[in-house]
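As the structure is a prediction and not an experimental result, all values here were calculated from the model. What you see below is based on every heavy atom in this structure, not just the backbone, and it leaves out hydrogens, waters and symmetry mates.
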Amino acid sequence: MGRAVVLALLTAVLSGCGGISSVPYQDPLSAEGTARIRVITNSSVFGDSIVGSCAPTPRHKFAEAGRFHNGVTPNPSYPQYPATPSTLGMPKSYEPEMVQYIGAVRMAEGLYTKVVTEHRVRADVPFQLASLGAAVGSYGSTYSVCKAGAKVYKLEPGKDYQAIVGVGRIPSGSKPEPLSCFLGLFELLPVPDTEMAIPLSMKSTPAPEKLCDS
């Protein structure tokens, strides 16, 4: 496959080839009947309530990693979202190493860098966690791709959850440790008498494919 074709495919991954538009997510006005979700990503995350049997359109953007020159200075052409992450006082928990990485296109524009933010979501209906995926470049001719995807979860009011989405590493003893793709939700189980919580992986169901009528 030619380099131009590869770059076209990777650009489609990052631009959302499915053509689903998005708008910023807004937390419910009332905390009643909601759950809290911490979002950790170095790619993109969308969170939506599933009402009925169709996929939401537009999607609601939870977070999107920005690009930083030298991993430090923000690139205004690729801003982090939200610019100022929100915190809701959620307990700390384990998370895998979410790497900084160069994009597969426009490599000189900086490193995609992890963003962490917290939201409240409705817990009375199924919740869809989705991402456009990620394309990781290198200074050679190889690329790694985390595919776009979506999963649906059942939440419970008053509980805390943690979403891990993007590209990271899980300690394996290998040198160098291989990159892994993440798109998952974890229930946070509080540890008594501490400010910590243990992440418990949750089972998901397939996301609906048919788009809702806008």
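Judged purely by atom type and a 3.5 angstrom limit, Q80 uses its side chain to pair as donor or acceptor with the backbone of P82. Side-chain atoms of T117 come within 3.5 Å of backbone atoms of S86 as a donor-acceptor pair (strictly under, hydrogens ignored). Judged purely by atom type and a 3.5 angstrom limit, T41 uses its side chain to pair as donor or acceptor with the backbone of S43. D27 places a side-chain N or O within donor-acceptor distance of the main-chain N or O of R120, the cut-off being under 3.5 Å. A donor-acceptor contact shorter than 3.5 Å is absent between the side chain of S204 and the backbone of K151. The main-chain N or O of V72 is never found under 3.5 Å from a side-chain atom of N70 such that the two would form a donor-acceptor pair. The main-chain N or O of Y94 is found under 3.5 Å from a side-chain atom of Q162 such that the two form a donor-acceptor pair. Within the 3.5 Å criterion, the main-chain N or O of R36 finds no donor-acceptor partner in the side chain of K159.
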Side chain to side chain contact (heavy atoms under 4.5 Å, CB included) between V116 and R38, worked out: CA-CA 7 Å; V116 181; R38 175 184 296 122; 3.8 Å; yes

Chi angles and distances behind the side chain to side chain contact (heavy atoms under 4.5 Å, CB included) call for I198, V191: CA-CA 7 Å; I198 299 172; V191 178; 3.7 Å; yes

Verdict with supporting geometry, H60 and V23, side chain to side chain contact (heavy atoms under 4.5 Å, CB included): CA-CA 5 Å; H60 290 82; V23 295; 3.5 Å; yes

Steps toward side chain to side chain contact (heavy atoms under 4.5 Å, CB included) verdict (I164, L185): CA-CA 6 Å; I164 306 291; L185 190 68; over 6 Å; no

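Remark: aromatic rings of Y101 and Y112 are close, center separation under 6.0 Å.
With no hydrogens or angles considered, no side-chain donor-acceptor pair links Q128 and D48 at under 3.5 Å. Under 3.5 Å, the side chains of Q100 and T113 contain a donor-acceptor pair of N or O atoms.
Residue E97 qualifies as enclosed at atom CD: its count of foreign heavy atoms under 6.0 Å is above 12.
E95 has a carboxylate O that lies under 4.0 Å from a charged side-chain N of K114, or vice versa, which qualifies the two as a salt bridge.
By the rule that hydrophobic residues join a cluster once side-chain heavy atoms approach within less than 4.5 Å of another member, M98 and V167 end up as members of separate clusters. Note on V39 and F127: same hydrophobic cluster, where clusters join Ile, Leu, Val, Met, Phe, Trp and Tyr whose side-chain heavy atoms are under 4.5 Å apart, directly or indirectly.
Between F62 and Y25, the angle of the ring planes goes over 60°, which puts this pair in the perpendicular group of the 30/60° scheme.
Using a 4.5 Å cut-off on side-chain heavy atoms (C-beta onward), L155 and Y161 make contact.
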